[in-house]
Amino acid sequence: MSTPTLVIGNKNYSSWSLRPWLALRKAGIAFDEVKVFLDKPDTKKRILEHTPAGKVPALVTGGQTVWDSLAICEWAAEQVPALWPRDAADRAHARSISAEMHSGFMALRAALPMNIRATGRKVPSNPALEADIARILEIWAGCRATHADAGPWLFGEFSIADAMFAPVATRLRTYAIALDETAKAYIDTLFADPDFKDWLTEAEAEEDMLRIEEVG
């Protein structure tokens, strides 16, 4: 089987690209990487060379294209089942919160775009944003309360759920959101992870700027 190719956007801004990239790295699945800078005259054309969806991320493997962050993560879990928790009830829980992250939290996405290079940004709050943040902290607190003895990730060991929430963790740090101790410890775990640190290093080295993402 040939080495898969993961097509991603800017590491500083592309939250959707981070999710499968991190899942693949944590699973130990080797892959080639193609970066397409976003919001350029040829961005759409370059992405369409790899996926008919016209969006990143996309995984090209064995003559097949898999697109959408969660679909790529599921593909990875078929290769490495440990990307989901071993216990059936925990797997169902992990899938539920991953799907909730995938389809929800629109107020947070709009108000707090991912911007790894930025620090200490401030934006006006609103009830919808506060509700999204409260729900995320509730999810994290529930997972950690149940699995604290098994390891530092949401379900003890790293899972796709952690990959799905990784961009949120960067947002909460970028915009200096007030956090409880559980959330702080969880975000510290992510930022200390060697694979995630590789993403951070490359994101911080990027010079490309998307003005729409430079808020606060």
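What you are looking at is a predicted structure, and each value in this text was computed from that prediction instead of being measured.
- Note: M209 CE to D39 CG = 13.0 Å, rounded to the nearest 0.5 Å.
- The aromatic rings of F191 and F196 stand perpendicular to each other, their planes meeting at an angle above 60°, with 30° marking the opposite boundary.
- The two atoms that bring L38 and T43 nearest to each other are C-OG1, 3.6 Å, heavy atoms only.
- Of the charged side-chain nitrogens involved, none lies within less than 4.0 Å of a carboxylate oxygen, so that R211 and E214 do not count as a salt-bridged pair.
- Between W153 and D193 the shortest side-chain heavy-atom distance falls below 4.5 Å.
- In this structure, S69 contributes its side chain and W16 its backbone to a donor-acceptor pair below 3.5 Å.
- Put simply, the side chain of R121 gets close to the backbone of V215: a donor and an acceptor are under 3.5 Å apart.
- A donor-acceptor contact under 3.5 angstrom links the side chains of D162 and Y186, judged on distance only.
- Heavy atoms from other residues, nucleotides or ligands lying under 6.0 Å from NZ of K35 number more than 12.
- Within the structure, salt bridge (Lys or Arg N to Asp or Glu O under 4.0 Å) contacts touching residues 168-178 (residues at least two apart or in different chains) are R173-D188.
- For D132 (side chain) and L108 (main-chain N/O), a donor-acceptor pair under 3.5 Å exists by modelled atom type.
- The two residues I97 and A161 come nearest to each other via the heavy atoms CD1-CB, 4.0 Å.
- Annotation for E100: atom CD counts as buried by contact number, over 12 foreign heavy atoms lying within 6.0 Å.
- L83 and A76 make their closest contact through CD1-CB, 3.5 Å (heavy atoms, listed as atom of the first residue, atom of the second, distance).
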Self-check item: Check against side chain to side chain contact (heavy atoms under 4.5 Å, CB included), I29 and V80
Solution: CA-CA 8 Å; I29 298 173; V80 181; 4.0 Å; yes
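- The distance from the CE atom of M164 to the CE atom of M101 is 7.0 Å, given to the nearest 0.5 Å.
- For H93 and W84, the ring centers sit 6.0 Å or farther from each other.
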Quiz item: Is there a side chain to side chain contact (heavy atoms under 4.5 Å, CB included) between V36 and E49 once you walk through the steps?
Solution: CA-CA 11 Å; V36 178; E49 292 172 358; over 6 Å; no
Exercise. List the steps and the verdict of side chain to side chain contact (heavy atoms under 4.5 Å, CB included) for S17 and W199.
Key: CA-CA 11 Å; S17 298; W199 179 281; 4.0 Å; yes
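- Ion pairing between E181 and K184 holds under the 4.0 Å rule for side-chain N and carboxylate O.
- Judged by distance alone, with hydrogens and angles left aside, the side-chain atoms of R117 form no donor-acceptor pair with the main-chain N or O of Y13 at under 3.5 Å.
- In plain terms, the two heavy atoms of A163 and L22 that are nearest each other are CA-CD2, 4.3 Å.
- Not a single donor-acceptor pair under 3.5 Å links the side chain of T170 to the backbone N or O of I116.
- The two atoms that bring E138 and R135 nearest to each other are OE1-NH1, 2.8 Å, heavy atoms only.
- With hydrogens and angles ignored, the 3.5 Å screen pairs no side-chain donor or acceptor of N10 with any backbone N or O of N12.
- The heavy-atom pair separating R109 from S103 by the smallest distance is NH2-N, 4.1 Å.
- In this structure, the side chain of T51 does not engage the main chain of I47 through any donor-acceptor pair within 3.5 Å.
- Going from atom CZ of F37 over to atom CD1 of I8 covers 9.0 Å, rounded to the nearest 0.5 Å.
- W67 has its side chain within reach of P52: a pair of non-hydrogen atoms, C-beta onward, lies under 4.5 Å apart.
- Atom CG of L112 sits about 5.0 Å away from atom CG of L129, to the nearest 0.5 Å.
- Residues P57 and I72 have side chains in contact (heavy-atom distance under 4.5 Å, counting atoms from C-beta outward).
- Under a 3.5 Å cut-off, the side chain of D90 and the backbone N or O of P85 do not form any donor-acceptor pair.
- Inter-residue side-chain proximity for H102 and D68 is flagged as met; some heavy-atom pair is nearer than 4.5 Å.
- Side chains of F165 and L190 form no contact here, defined as non-hydrogen atoms less than 4.5 Å apart.
- Distance alone, capped at 3.5 Å, places no donor-acceptor pair between the E78 side chain and the E74 backbone.
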Quiz item: Can F105 and V168 be said to form a side chain to side chain contact (heavy atoms under 4.5 Å, CB included), step by step?
Solution: CA-CA 10 Å; F105 304 105; V168 171; over 6 Å; no
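- The closest donor-acceptor contact from the side chain of S98 to the backbone of R95 lies at 3.5 Å or more, if one exists at all.
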